[in-house]
Every structure is written in structure tokens, then in C-alpha cells.
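Letters A, B, ... mirror the listed sequences (proteins, then strands); counts begin at 1. Treat the numbers as computed from the prediction; the structure is a model and nothing was measured.
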Number of protein chains: 2
Amino acid sequence: MDVKTARKTAAKTKIHELLAASKTALAHSDIQHMVGGLCDRVTIYRVLDRLAEAGAIHKIVDMDGTVKYAACRMCSAGHHHNHVHFSCQKCHALLCLENVVPSYTLPETYTVLETNFTLSGLCPQCA
Amino acid sequence: MDVKTARKTAAKTKIHELLAASKTALAHSDIQHMVGGLCDRVTIYRVLDRLAEAGAIHKIVDMDGTVKYAACRMCSAGHHHNHVHFSCQKCHALLCLENVVPSYTLPETYTVLETNFTLSGLCPQCA
DNA sequence: TCTAAAATGCAACTCTGTTGCAATAGTGCG
DNA sequence: CGCACTATTGCAACAGAGTTGCATTTTAGA
């Protein structure tokens with residue numbers, strides 16, 4: 001049982017701060033640009049993985065296939081990520097609509113473990 | 001107004017047939033494997049683009065970011081793609097649940113142009 | 001049959017993400 | 001405080017997906 005104890009590092013702290021401060025989900029390239037030369041490209045990937053693993057952030061795949069990350073905000077209780085994401089086709093921002101939870105009916109034969117609802121269009125700023 | 005007239009080619013026919021015959025959505029790599037040496041890797045990309053452009057197939061981004069394609073079946077009327085996709089975590093199949101259409105309520109300030117609902121878990125075969 | 005343009009093949013390239021390994025730096029303990 | 005253990009980082013090299021330019025082939029229509 002070798003339990004790994006996470007360490008506090010500059011990169012981890014900075015990246016988590018950036019995500020927590022951002023109103024929209026950020027792509028790896030956004031983060032890379034924002035941290036400047038603080039750490040390596042690979043480190044960012046690894047930090048994002050660790051933060052996601054730890055449940056501090058969640059990973060979102062946009063409709064166009066780009067991967068983004070957002071800090072978990074209202075996930076404290078139960079930690080479900082079945083809320084809706086909105087992807088703006090103009091400014092390419094991806095935002096979490098934490099309080100929009102869609103409903104659907106599925107045959108019993110399917111076991112749902114995760115959901116991903118993404119709406120695409122124009123956000124309030126770009127409409 | 002130079003209208004491009006589409007041509008019927010071996011690659012296009014074959015790829016469309018494959019997609020029409022498949023119960024699940026196929027990735028580029030699946031198709032590449034299935035067509036054998038019939039055509040180049042790049043040609044597959046271009047044919048898929050053209051078929052999607054023509055509305056014969058639609059492009060789906062899976063929850064893990066992989067891109068897949070499926071023939072349009074029930075899209076004849078209105079041609080909306082707001083049905084649900086199911087992604088199996090075990091066999092990695094991606095299937096369209098054409099008759100499952102979720103409902104949700106969104107603030108008026110958002111303009112929705114496209115939707116992408118993907119559920120992930122275990123399909124009837126793998127459950 | 002002939003021709004314009006659509007489609008293909010090939011090579012080279014970009015972008016995103018991963019992996020192995022040596023070097024660096026937190027963290028707990030004495 | 002100083003040490004040891006190991007999580008974390010940087011670097012380089014690699015893998016996979018997708019794109020682009022260009023010369024060549026092929027289709028469809030006249």
C-alpha cells in the first residue's frame with residue numbers, strides 16, 4: 001500500500017489559481033500562454049491530470065474536439081458533472097451552466113456512468 | 001457562382017457504404033483499416049469531410065475526444081442532430097440513440113445552434 | 001472523344017498529447 | 001537544521017490525428 005502524497009508546487013498552485021479565477025474553461029494552450037515560462041508544456045499536462053484525478057478540476061471535451069479544463073465549483077456535494085456546457089461559436093469560450101441539468105429517458109439496458117451535454121451557439125456576449 | 005458538382009468515386013461509395021452498414025459510429029482509423037489499401041489516408045479525411053458537408057453523414061466527437069462518423073438515418077425531415085449518443089466505456093462503441101431527445105431549459109440570452117449529448121457507460125452488450 | 005474541374009496520392013508539416021529518464025525539489029523525520 | 005525518500009519537473013524523443021500544397025489521375029458533361 002504505497003499511498004502517494006501530493007506535494008504543493010509552484011506549477012500546481014498557479015494552474016489551479018488560473019482555473020479558479022477564470023469564468024470560462026481553459027485549454028492547455030491557454031494555460032501555457034498564461035503561465036509564461038513558469039513551467040514546461042509537459043508539466044502542465046501532468047498537473048492538469050493530477051488536479052483532475054484529485055477532483056479539483058474537471059476535463060471537458062468541446063464539440064469541436066478541443067479539450068478544456070474548468071475548476072469544480074458546485075461539485076462539493078456528490079460531485080456530479082452532469083450539468084450543461086455552452087460553447088460559443090464566435091468567441092470560442094466554453095462555460096459551465098452549473099444549474100442547467102437536462103432530463104432524458106433511456107432504455108433500461110444502458111448503464112450510464114458519465115454524461116456530457118454541450119450546447120453550441122452564441123453566448124450572451126456575442127449574440 | 002461556381003457551383004461544385006460532386007462526383008461519384010470508388011472511395012466515396014465504399015466509405016458511405018461502410019458507414020451505412022455499421023450499427024456504430026466509425027473513427028477514421030476504423031475506416032482506414034476497413035478499406036484496406038483502396039485509398040490514401042488523406043483521401044478518407046477528405047471524403048468524410050465531403051460526405052458530412054453534403055449531409056450524408058454526421059461527425060461526432062466522443063467524450064474522450066475521439067472523432068467518429070455515422071450515416072444519417074432518421075434525419076430526412078428537418079435534419080436535426082439533437083439526439084443522444086451513447087459511448088460504451090468497455091467496447092468503445094459509439095451509437096446513436098435516434099429517438100432519445102433530452103429536454104432542458106436555458107436562459108433566453110443564449111442562442112443554441114447545435115447540440116451534443118453524449119452518455120457514457122456500459123452498452124447492453126457489455127453490461 | 002475531349003476537356004474542365006473534381007478527386008486522389010504523396011510528402012511534408014502542424015498540433016496535441018505521451019513516455020522514458022535523469023535532475024530537481026517538497027515533505028516528514030530524526 | 002539536515003537527510004532521505006520520492007513526488008515532481010525538464011528535456012528530448014516519440015506517436016497519433018489532421019491539414020496543406022502540388023502534381024497526377026479520373027469523372028461527368030458537352
* Over how many whole Å does the gap from Asp64(A) atom CG to dT16(C) atom P extend? -> 11 Å

* **Degree of bending, the helix from dT1(C)-dA30(D) to dG30(C)-dC1(D) (end axes from five pairs; round to 10°)** => 30°

* Run the ring-centre check on His58(B) versus Tyr69(B) and record whether the distance is less than 6.0 Å. => no

* Asked: Separation of His33(B) atom NE2 from dG16(D) atom P, in whole Å?
  -> 14 Å

* Structure fact -> Heavy-atom nearest pair, Val61(A) first then Asp64(B), reads CG2-C, 4.3 Å

* Atom NE2 in His33(B), atom CG in Leu26(B): separation rounded to 0.5 Å? -> 12.5 Å

* To do: Flag the pair Asn116(A) / His85(A) as yes when at least one side-chain heavy-atom distance between them is below 4.5 Å, and no otherwise.
  => yes

* If two hydrophobic side chains count as joined below 4.5 Å and joins carry through other members, does Ile57(B) share a cluster with Met34(B)? -> yes

* Keeping the roles fixed (side chain from His28(B), backbone from Leu48(B)), state whether a donor-acceptor pair exists under 3.5 Å. => no

* **Spacing between Ile44(B) atom CD1 and dA17(D) atom C1', to the nearest angstrom** => 13 Å

* Check Ser120(A) against Gln89(A) and note the closest heavy-atom contact, atom names and distance. => OG-NE2, 2.7 Å

* To do: Starting at atom OH of Tyr45(A), determine the distance to atom P of dT16(C), rounded to an integer number of angstrom.
  => 7 Å

* Taking Asp30(B) for its side chain and Ala27(B) for its backbone only, find out whether a donor-acceptor pair lies under 3.5 Å. => yes

* Length of the CG-C1' vector between Leu48(A) and dT8(D), whole Å -> 14 Å

* Does the side chain to side chain contact (heavy atoms under 4.5 Å, CB included) test come out yes or no for Thr111(B) and Phe86(A), once each step is laid out? -> CA-CA 10 Å; Thr111(B) 310; Phe86(A) 190 90; 5.8 Å; no

* **Rounded distance in Å - CG (Asp49(A)) to C1' (dA7(D))** => 15 Å

* Structure fact -> Separation of dT16(C) atom P from Tyr69(A) atom OH, nearest Å, is 12 Å

* Structure fact -> Separation of dT19(D) atom P from His28(B) atom NE2, nearest Å, is 10 Å

* For every nucleotide of nucleotides 7-15 of chain C, 5' to 3': is a protein heavy atom under 4.0 Å from its base (B), only from its sugar-phosphate (S), or from neither (-)? -> SBBBBB---

* Compute the ring centroids of Phe117(B) and Tyr104(A), then answer whether they are less than 6.0 Å apart. => no

* Listed in order of residue number, which residues of residues 14-26 of chain A have a non-hydrogen atom at under 4.0 Å from DNA chain C? -> none

* Can a donor-acceptor pair be found between the side chains of Asp62(B) and Ser87(B) at a distance below 3.5 Å? -> yes

